[in-house]
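Lettering follows sequence order; numbering is per chain, from 1. The model shown is predicted, which means the values in this text are computed figures rather than measured ones.
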Amino acid sequence: MAPNLLQPPRGTHDLIGEDFARHHAVIDTARRIARLYGFAEWATPIFEDTRVFGRTLGDTSDVVTKEMYTFEDRGGESVTLRPEGTAGICRALVSNGLTQGMLPRKVFYAGPMFRYERPQKGRQRQFHQIGMEVLGAAEPLSDAEVIACGWHIQRELGVDEGTVLEVNTLGDTPSREAYRAALVAYFSAHREALSPESQVRLDKNPMRILDSKEAQDRALVADAPTIFAHLTDEARAFFDAVCSYLTGFGVPFRINPRIVRGLDYYSHTAFEFVTERLGAQGTVMAGGRYNGLVESMGGPPTPAVGWAAGIERLAMLLEASGRTPAPPRAVAVIPVGDAAEGAALEVLQALRSAGIVAEIAYKGNLKRRMERANRIAARYAVILGDAELTEGRAQLRDLDAGTQESILLAELPARLS
RNA sequence: GCGGCCAUAGCUCAGUUGGCAGAGCGUCGGCUUGUGGUGCCGGAUGUCACGGGUUCGAGCCCCGUUGGUCGCCCCA
């Protein structure tokens, strides 16, 4: 590697070749399945007024306090590269007056997100997410449908093996307050036994102790009270309905009362698809219900539910399962001698118009162009020599089989379709 | 933000107690001027990540920086 070579900024990476093929396959598949479920795709700006995130993600979350790319633009406005997708979608719903229109709205999105974090496997500073939201639906069927669609996408990608859907409820506000008090009481009684990190959490965000990775915490967490004893009747009925709809959709899941949400706007349903195959960054897809977010964005009270998934993590699973999609194989059109070039261009365009991937090497004799055809993994070569051309024919060579035949140019597109 | 490990050719990596910079793959050319892939022959490519220090001498030892990686934190 040459010295002083420009490198991509820390925590970013170039998507080239098979990396991009996997990345693209994730988005394409998600987009296609989302459409089957009736979701429409939105694209919102990758930077927003800083208040879009500051107000909604919760003032205490690390994402807001330490990890946002925030700066003043030339007009003195504070803008932020989006650290997640949901806030922008909700802002767009409000900005465009869609809270007044037909609800619910089912939205799919894909694109880059930015967080100033220490990079490691499955965690970059510029990363990419797909996500979906059902805006304006309070019914548990919408929670289940959104989860079912996420599960369907993973199954379609072939990355569902080894991944488990874990579901929990965070309850409604009364449930949550009662549970929070019970948790604080329980952990306070065992304060000395907690890890130093969790002692801090006890004061700041006690629910977070539940997903601590510290061995000494886990024993305590195992015996900690769960939210189920503190759910209101409504919250319990809601959760039971979600679970029953999931079963109805055929989605396998297990209840995990330790699931907590990082961002503050969630209530009721919380879920994660987790895998052991990605090391510490094992969450593949995560989401839940956020009934207060649209209102905090200045809109009317609008219940909503959704999820986001890391494209890089899904792409790593694709790679690990050997499912990198292969690009379509081209037909290499090869003129022999200058006189055949005109005919070659006509053949190229005829093939392309028929939807067939066709390429021509920009230079070289027959041998060079055959080598080139091989390097680009072409499936066929169409060899145009003067002798055959006078009869309107060419040689069609099957590069896998090594066989060759004479064919009428007019029959080429149909033959190769 | 914290801790561990790592950085040698385009890629994967060797490099002995500190003593001439290496291999495989890839790439380029030839064997073969109307036929690729597998074969044979040959060539090119490095400020050993960057900066400093120790030493007669540093890819190797020491310090710093940058980047990667694993874990913590956080989170998709």
Review point. Starting at the 5' end of RNA chain B and moving along, which residue's nearest nucleotide shows up first, A/L384 or A/I311?
Key: A/L384

Point to revise | Same-atom distance (P) from B/A58 to B/A21, integer angstrom | key: 11 Å

Point to revise | Qualifying residues under side-chain hydrogen bond (donor to acceptor under 3.5 Å, both in side chains), relative to A/T269, sequence neighbours excluded | key: A/D143

Check your understanding: Between B/G51 and B/C60, how far is it from one P atom to the other, in whole Å?
Key -> 13 Å

**Study point:** Heavy-atom pair of closest approach, residues A/D14 and A/P8
**Key:** OD2-CG, 4.4 Å

Check your understanding: A/R125 side chain N/O closer than 4.0 Å to the phosphate oxygens (OP1, OP2) of B/A76?
Key -> no

Practice item. Under 4.0 Å from any atom of RNA chain B, heavy atoms only: list the residues of residues 10-35 of chain A that qualify, in numerical order. Key: A/R10, A/G11

Check your understanding: Between A/L202 (CG) and B/C73 (P), how many Å, whole number?
Key -> 16 Å

Exercise for review: Identify which one of A/M285, A/Q129, A/E272 satisfies the side-chain contact (heavy atoms from CB on, under 4.5 Å) criterion when paired with A/W307.
Suggested key: A/M285

Check your understanding: Taking the same atom, P, in B/C50 and in B/A7, what whole-Å distance lies between them?
Key -> 13 Å

Check your understanding: Any idea which of B/U69, B/G34, B/C73 is nearest the A/P119 side chain?
Key -> B/U69

Throw together a table of side-chain donor-acceptor distances under 3.5 angstrom for residues 37-46 of chain A, partners on residues two or more places apart or in other chains.
from	atom 1	to	atom 2	distance (Å)
A/Y37	OH	A/H152	ND1	2.7
A/E41	OE1	A/R31	NE	2.6
A/E41	OE2	A/R31	NH2	2.9

**Study point:** Under-3.5 Å donor-acceptor pair between A/R118 side chain and B/G3 base
**Key:** yes

**Study point:** Contacts of A/E319 that satisfy side-chain hydrogen bond (donor to acceptor under 3.5 Å, both in side chains) - sequence neighbours left out
**Key:** none

Point to revise | Whole-Å gap separating C1' (B/A76) and CD (A/Q120) | key: 13 Å

Check your understanding: Does OP1 or OP2 of B/C74 have a side-chain N or O of A/R201 closer than 4.0 Å?
Key -> yes

Check your understanding: Mind checking the C1' distance from B/A44 to B/G59? Whole angstroms is fine.
Key -> 22 Å

**Study point:** Runs of at least three Watson-Crick or G-U pairs with RNA chain B, cut-off 3.5 Å
**Key:** B:1-7 with B:66-72, B:10-13 with B:22-25, B:27-31 with B:39-43, B:49-53 with B:61-65

Revision key, fill the gap. Quick note, salt bridge (charged side-chain N to carboxylate O under 4.0 Å, His left out) partners involving residues 376-386 of chain A, not counting sequence neighbours, are A/R379-A/D398, A/R379-A/D400

Check your understanding: Quantified in whole Å, what is the C1' atom distance between nucleotide B/G29 and nucleotide B/U45?
Key -> 15 Å

Exercise for review: In whole angstrom, give the distance that lies between atom NZ of A/K121 and atom C1' of B/G4.
Suggested key: 18 Å

Practice item. Could you work out the separation of B/A23 and B/C41 based on their P atoms and round it to a whole Å? Key: 15 Å

Practice item. Classify the nucleic acid contact of A/G122 as base, sugar-phosphate or nothing, counting any heavy atom under 4.0 Å across all strands shown. Key: base

Acceptor/donor pairs from residues 130-138 of chain A side chains to any protein atom, 3.5 angstrom cut, sequence neighbours excluded:
from	atom 1	to	atom 2	distance (Å)
A/E133	OE1	A/Y290	OH	2.4
A/E133	OE2	A/T86	OG1	2.9

Check your understanding: P atom, B/U17 versus B/C13: distance in rounded Å?
Key -> 22 Å

Practice item. Could you tell me the separation between the CZ atom of A/R368 and the C1' atom of B/U27, rounded to a whole number of Å? Key: 12 Å

Exercise for review: In plain terms, say whether A/D217 and A/R208 are close enough for a salt bridge, that is, a side-chain N and a carboxylate O under 4.0 Å apart.
Suggested key: no

Point to revise | Residues which pass side-chain hydrogen bond (donor to acceptor under 3.5 Å, both in side chains) with A/D49, listed by chain and number, not counting sequence neighbours | key: A/R51

Exercise for review: Sugar-phosphate atoms are those with a prime plus P, OP1 and OP2; base atoms are the rest. Using that split, label each nucleotide of nucleotides 35-41 of chain B B, S or - for protein heavy atoms under 4.0 Å, 5' to 3'.
Suggested key: BBB----

Review point. Got a sec, which residues hit salt bridge (Lys or Arg N to Asp or Glu O under 4.0 Å) with A/R368, two or more places apart in sequence or on another chain?
Key: A/E371

Review point. Taking for each residue the nucleotide of RNA chain B with the nearest heavy atom, is it A/G310 or A/S212 whose nucleotide lies nearer the 5' end?
Key: A/S212

Exercise for review: Could you point out which residue of A/L293, A/V107, A/L98 forms a side-chain contact (heavy atoms from CB on, under 4.5 Å) with A/L93?
Suggested key: A/L98

Exercise for review: Grab the CD-P distance between A/E166 and B/A76 for me, whole Å please.
Suggested key: 15 Å

Practice item. Let me know the distance between CD of A/E117 and P of B/C72, rounded to the nearest Å. Key: 13 Å

Revision key, fill the gap. Taken in chain and number order and not counting sequence neighbours, the residues that satisfy side-chain hydrogen bond (donor to acceptor under 3.5 Å, both in side chains) with A/R105 are none

Practice item. Kindly write out the residues that satisfy salt bridge (Lys or Arg N to Asp or Glu O under 4.0 Å) with A/E359, not counting sequence neighbours, or none if the list is empty. Key: none

Check your understanding: Separation of A/E312 atom CD from B/U69 atom P, in whole Å?
Key -> 12 Å

Review point. Contact class for A/A373 (heavy atom, under 4.0 Å): base, sugar-phosphate, or nothing?
Key: nothing

Review point. Quick one: A/N365 CG to B/G30 P, roughly how many Å, whole number?
Key: 9 Å

**Study point:** Residue A/Y116, side-chain atoms from C-beta onward, closest of B/U69, B/G1, B/G71
**Key:** B/G1

Review point. Do A/R208 and B/C74 share a donor-acceptor pair, side chain to base, under 3.5 Å?
Key: no

Check your understanding: What residue among A/R313, A/R323, A/E18 forms side-chain contact (heavy atoms from CB on, under 4.5 Å) with A/L318?
Key -> A/R323

**Study point:** Rounded C1' spacing from B/U55 to B/C62 in Å
**Key:** 12 Å

